[in-house]
Every structure is written in C-alpha cells, then in structure tokens.
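Here's the structure, in structure tokens; my notes come after.
Hydrogens, waters and symmetry mates play no part in the numbers below; they use all other heavy atoms, side chains included.
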Amino acid sequence: MPMQRVVLNSRPGNNGVPVPAHFRLEETTLAPDLEDGEVLVRTLCLSVDPYMRCRMNEDTGVGYVTPWQLSECVDGGGVGVVESSRCSACSEGDVVTSFNWPWQTKAVMKGSALQKVDPQVVDGHLSYFLGAVGITGLTALLGVREKGNVTKGANQTMVVSGAAGACGSVAGQIGRLDGCVRAVGICGSEEKCRALVDDCGFSAAINYRKEDIPAKLQELCPDGIDVYFDNVGGGISDTVIAQMNNNSHVILCGQISQYNKDVPYPPPLSEEIQETLRRNNITRERFTVLNYMNKADAALCELSQLVKSGHINVLETVVEGIEKMGDAFCSMMKGGNIGKQIIKISE
C-alpha cells in the first residue's frame with residue numbers, strides 16, 4: 001500500500017532557525033496486514049506547533065516531550081479516520097485523534113493510542129480537535145483558570161502576547177468571558193490585529209513590529225495589567241511585566257521568541273525584571289497543561305459548547321498537502337499563521 005511520510009532530515013542545532021530542508025518527504029509502502037490491537041488510519045489533518053522546535057534538538061530540554069530522531073518519521077497532533085481495524089475499541093469509519101500522530105498519509109497504529117472523537121462536538125470541523133477543542137484550547141482555558149486569577153467584577157485587564165496564534169487567540173476570549181473588562185493582544189501584523197478585534201472580541205491589539213509597545217500599553221491599559229498570558233518571552237514580555245499591577249499574575253505558557261536559542265526553559269530573566277516581580281508581588285509560574293489532564297474532559301466539553309454557540313471564534317490557517325509540512329512548520333515559527341496552523345492531508 002503506497003503512502004507518503006515526512007522524516008527529520010537534519011537538525012538546525014540549538015541556536016538554528018528551522019528551514020524546510022530540515023524535513024524530507026519520502027514515498028514508501030505500508031504493510032496492509034494488521035496485528036491484534038492495530039488499526040489502519042487515513043490521515044485527515046495534522047498540526048504544527050511551536051513546542052515542536054524543541055523536538056528538533058537532540059535534547060528537548062523538557063521532560064514531557066521526546067526528541068525526533070534523524071531519518072525517522074516526525075509526529076504530532078493529528079486527526080484521521082479508521083479504514084480497517086483489529087482493535088475492539090475502533091471500528092471502520094471512526095474518527096480518531098492522537099497527540100503522537102505520524103506525519104504520514106496513512107499509518108498503522110495501536111488502537112489503544114487513539115482517542116475516538118465525535119464530529120458533532122465540533123460541528124464537523126475536525127481540525128478543531130487539534131486546536132480550540134483540543135490540546136490548544138485546553139492550554140488556553142486551563143492556563144487562564146489555573147494561573148490567571150480572573151475574577152468577575154474586579155475590573156481586570158488581560159494582555160496576551162502571541163495573541164493571534166492558536167493558543168493566544170483563545171486565551172484572550174476566555175479572559176473576556178471569565179470577567180476581564182479588557183483583553184489586549186500583541187501580535188505581528190495589521191491583519192492579525194484586525195482578526196483579534198473584529199473576530200475574537202479583543203478590546204484592542206498592538207502590532208509589535210510597527211508600534212511603540214510601552215506607550216500603547218499605557219494608552220490601552222489605563223488601570224495597569226492584572227493578567228499576562230505569555231506565549232513569547234523575551235523583550236516583549238519584559239515590557240509587559242514592567243507595567244503590571246501589584247499582586248498580578250503571569251501565565252507562563254510559551255516562549256517562542258527563545259526557542260531557536262540555546263537557553264534553558266523557561267529562559268532566565270534579567271535581574272531588573274526579577275526585581276520587578278518581587279517588588280510588585282507578581283506571580284510567574286510555568287504552566288504545563290499535561291499536569292491538569294484530570295480536568296480535560298470537563299474543559300473540552302465547555303470548549304465545545306463555547307465554540308458551537310459562537311462565544312469563541314476559531315482562527316485557522318489551512319494549507320493542503322503533506323509535502324507542505326516543512327514549509328508550514330517554518331512559516332508558523334516565524335508568525336506566518338493566523339490562529340492554528342493546520343495541514344489538510346485528505347478529505
């Protein structure tokens with residue numbers, strides 16, 4: 001059975017910027033015979049995500065994800081349909097998902113590694129299982145709930161960096177729904193700013209490539225900043241933290257500006273910023289969604305309802321074809337996507 005797959009061709013090195021040539025498309029065949037417990041799946045869509053940059057290194061620097069191996073198939077979040085099964089939990093035609101889906105057009109997988117999903121939960125938008133009603137949405141919802149201390153009626157202001165990405169665009173909407181009177185997004189283009197305000201209900205957005213971030217924050221957050229959902233780290237985060245109120249909260253979700261650098265995760269802060277955190281009693285705790293999976297089922301149910309009711313608007317950038325995986329990943333790492341970057345593999 002012919003199929004295509006994407007393998008890791010080379011590593012960028014700890015300080016390197018990934019390029020499409022780090023990935024290689026291979027034509028190969030799949031043995032059609034299944035063993036007990038296995039299923040044959042056809043891949044429908046795959047996602048690329050910032051954390052994957054760490055998997056390109058020999059050592060990811062974090063304990064909860066493993067490095068990709070050279071000349072072996074790459075993997076990540078995926079959704080597909082079962083074409084044949086020797087697993088009692090999976091039937092032909094079932095839609096299934098996994099956090100460790102191989103970048104292949106078809107794959108033989110253990111049924112126990114797959115989660116069956118109901119397309120009605122996402123009104124048939126199966127890619128949402130990789131984003132707003134999947135691990136990305138969980139990260140946004142539980143990050144805000146567990147680390148943000150958002151309180152209705154408390155006149156709080158939230159700032160989100162990387163706000164037009166898959167996680168940030170949902171996090172700002174959760175903040176508004178949970179009671180923040182303002183949600184201000186920081187992103188990298190005028191088109192993204194418009195999407196955040198017009199489509200996602202952010203109060204305002206700042207284009208960090210063109211605008212004076214400290215001045216715009218003072219203008220847009222006249223009562224200071226109470227909650228900061230941090231997806232980028234670096235100088236932007238230092239600027240936000242400098243304007244945060246006493247007893248405010250940083251949700252340390254990601255540090256994409258630092259992922260191509262050989263620094264520990266989370267990257268160290270300057271003495272000045274550490275002193276600001278201490279002086280103003282600002283909490284800044286790393287948030288890892290995998291530590292809260294006992295709350296996942298209820299949170300996914302809530303996300304489904306919020307998306308289906310239109311209270312959360314989902315942003316996506318979709319490209320077609322497994323041959324575009326490397327291009328899509330590298331584009332996403334440079335901010336080329338609005339919302340979740342999805343690669344459509346088949347119908």
Side-chain angles (χ1 to χ4, degrees), residues 14 17-18 47-57 60-65 76-77 99 130-132 134-148 158-175 183-188 192 196 200 205-206 208 213 225 227-241 244 249-269 273 277 282-293 315 317 328-341:
N14 287 347
V17 175
S47 81
V48 291
D49 303 280
Y51 81 90
M52 292 174 172
R53 174 60 187 85
C54 308
R55 301 191 70 189
M56 298 182 80
N57 298 336
T60 64
V62 292
Y64 48 88
V65 288
F99 195 54
L130 302 178
I135 200 80
T136 309
L138 283 178
T139 301
L141 179 76
L142 294 175
V144 172
R145 296 271 171 87
E146 298 295 327
K147 301 291 185 184
M158 172 187 275
V159 171
V160 183
S161 58
C167 188
S169 59
V170 175
Q173 294 180 79
I174 295 291
V184 176
I186 302 174
C187 57
K192 290 180 177 182
L196 289 176
C200 296
I206 301 169
Y208 71 84
I213 301 175
I225 299 163
V227 185
Y228 173 40
F229 199 101
D230 184 7
N231 287 306
V232 304
I236 286 176
S237 290
D238 292 352
T239 300
V240 175
I241 289 169
M244 292 185 74
H249 304 279
V250 178
I251 304 163
L252 182 55
C253 181
Q255 303 280 278
I256 193 171
S257 72
Q258 309 298 301
Y259 286 171
N260 293 330
K261 302 176 183 177
D262 187 11
V263 293
Y265 186 86
L269 296 172
I273 293 299
L277 294 172
I282 300 169
T283 63
R284 179 181 179 269
E285 296 177 337
R286 181 175 173 180
F287 175 75
T288 304
V289 71
L290 299 178
N291 294 337
Y292 297 89
M293 294 311 280
L315 303 180
T317 298
F329 174 76
C330 296
S331 171
M332 178 271 307
M333 287 297 297
K334 294 175 183 171
N337 56 302
I338 297 181
K340 184 76 176 181
Q341 178 69 68

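Taken from CG in D238 to CD1 in I273, the straight-line distance is 4.0 Å, to the nearest 0.5 Å. In this structure, the separation between OG1 on T239 and CE on M244 is 13.0 Å, given to the nearest 0.5 Å. Taking SG of C200 as the start and NZ of K192 as the end, the distance is 12.5 Å to the nearest 0.5 Å. The distance from the CD1 atom of I236 to the OG atom of S161 is 6.5 Å, given to the nearest 0.5 Å. Atom NZ of K147 sits about 11.0 Å away from atom NE2 of H249, to the nearest 0.5 Å. How far CD1 of I186 is from OH of Y228: 5.5 Å, rounded to the nearest 0.5 Å.
Checking side-chain atoms of Q341 against main-chain N and O of T317 turns up a donor-acceptor pair under 3.5 Å. Put simply, the side chain of T139 gets close to the backbone of I135: a donor and an acceptor are under 3.5 Å apart. D230 contributes a side-chain N or O that, together with a main-chain N or O of V232, makes up a donor-acceptor pair within less than 3.5 Å.
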For this session: Check the pair M293, L138 against side chain to side chain contact (heavy atoms under 4.5 Å, CB included), reporting the backbone distance first and the verdict last.
Result: CA-CA 9 Å; M293 294 311 280; L138 283 178; 4.1 Å; yes
Exercise. Checking side chain to side chain contact (heavy atoms under 4.5 Å, CB included) for the pair I225/V240: CA distance, chi angles, key distance, verdict?
Worked result: CA-CA 8 Å; I225 299 163; V240 175; 3.9 Å; yes
For this session: Please assess S331 against N337 for the test side chain to side chain contact (heavy atoms under 4.5 Å, CB included), listing each intermediate value before the final yes or no.
Result: CA-CA 7 Å; S331 171; N337 56 302; 5.7 Å; no
For this session: Could you check I251 against R284 for side chain to side chain contact (heavy atoms under 4.5 Å, CB included), going step by step and ending with a plain yes or no?
Result: CA-CA 6 Å; I251 304 163; R284 179 181 179 269; over 6 Å; no
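Contact check for V227 versus V159: no side-chain heavy atoms found under the 4.5 Å cut-off. Using a 4.5 Å cut-off on side-chain heavy atoms (C-beta onward), M333 and V48 make no contact. Proximity of L252 to F287: side-chain heavy atoms (C-beta onward) are nowhere separated by under 4.5 Å. Between I206 and V184, some side-chain heavy-atom pair lies under the 4.5 Å cut-off. Side-chain contact check for M56 versus P18: some heavy-atom pair is nearer than 4.5 Å.
Of all the heavy atoms in C187 and L196, the pair that sits closest is SG-CD1, 3.8 Å. Between G131 and T136, the shortest heavy-atom distance links the atoms O-CB, 3.3 Å. Contact detail for C253 and F229: the closest heavy-atom pair is CB-CE2, 3.6 Å.
Listed by chain and number, the residues in a side chain to side chain donor-acceptor pair (under 3.5 Å) with R145 are D178, E302 (sequence neighbours excluded). In this structure T288 satisfies the side chain to side chain contact (heavy atoms under 4.5 Å, CB included) test together with Y64, R286, L290, N291, sequence neighbours excluded.
Of the charged side-chain nitrogens involved, at least one lies within less than 4.0 Å of a carboxylate oxygen, so that K340 and D49 count as a salt-bridged pair.
Aromatic pair Y51/F99: ring centres closer than 6.0 Å.
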Please set out all donor-acceptor pairs under 3.5 angstrom arising from side-chain atoms of residues 162-173, sequence neighbours excluded.
{"unit_1": "S169", "atom_1": "OG", "unit_2": "G165", "atom_2": "O", "d": "2.7"}
{"unit_1": "S169", "atom_1": "OG", "unit_2": "A166", "atom_2": "O", "d": "3.3"}
{"unit_1": "Q173", "atom_1": "OE1", "unit_2": "N313", "atom_2": "N", "d": "2.8"}
{"unit_1": "Q173", "atom_1": "NE2", "unit_2": "S169", "atom_2": "O", "d": "2.9"}
{"unit_1": "Q173", "atom_1": "NE2", "unit_2": "N313", "atom_2": "O", "d": "2.9"}

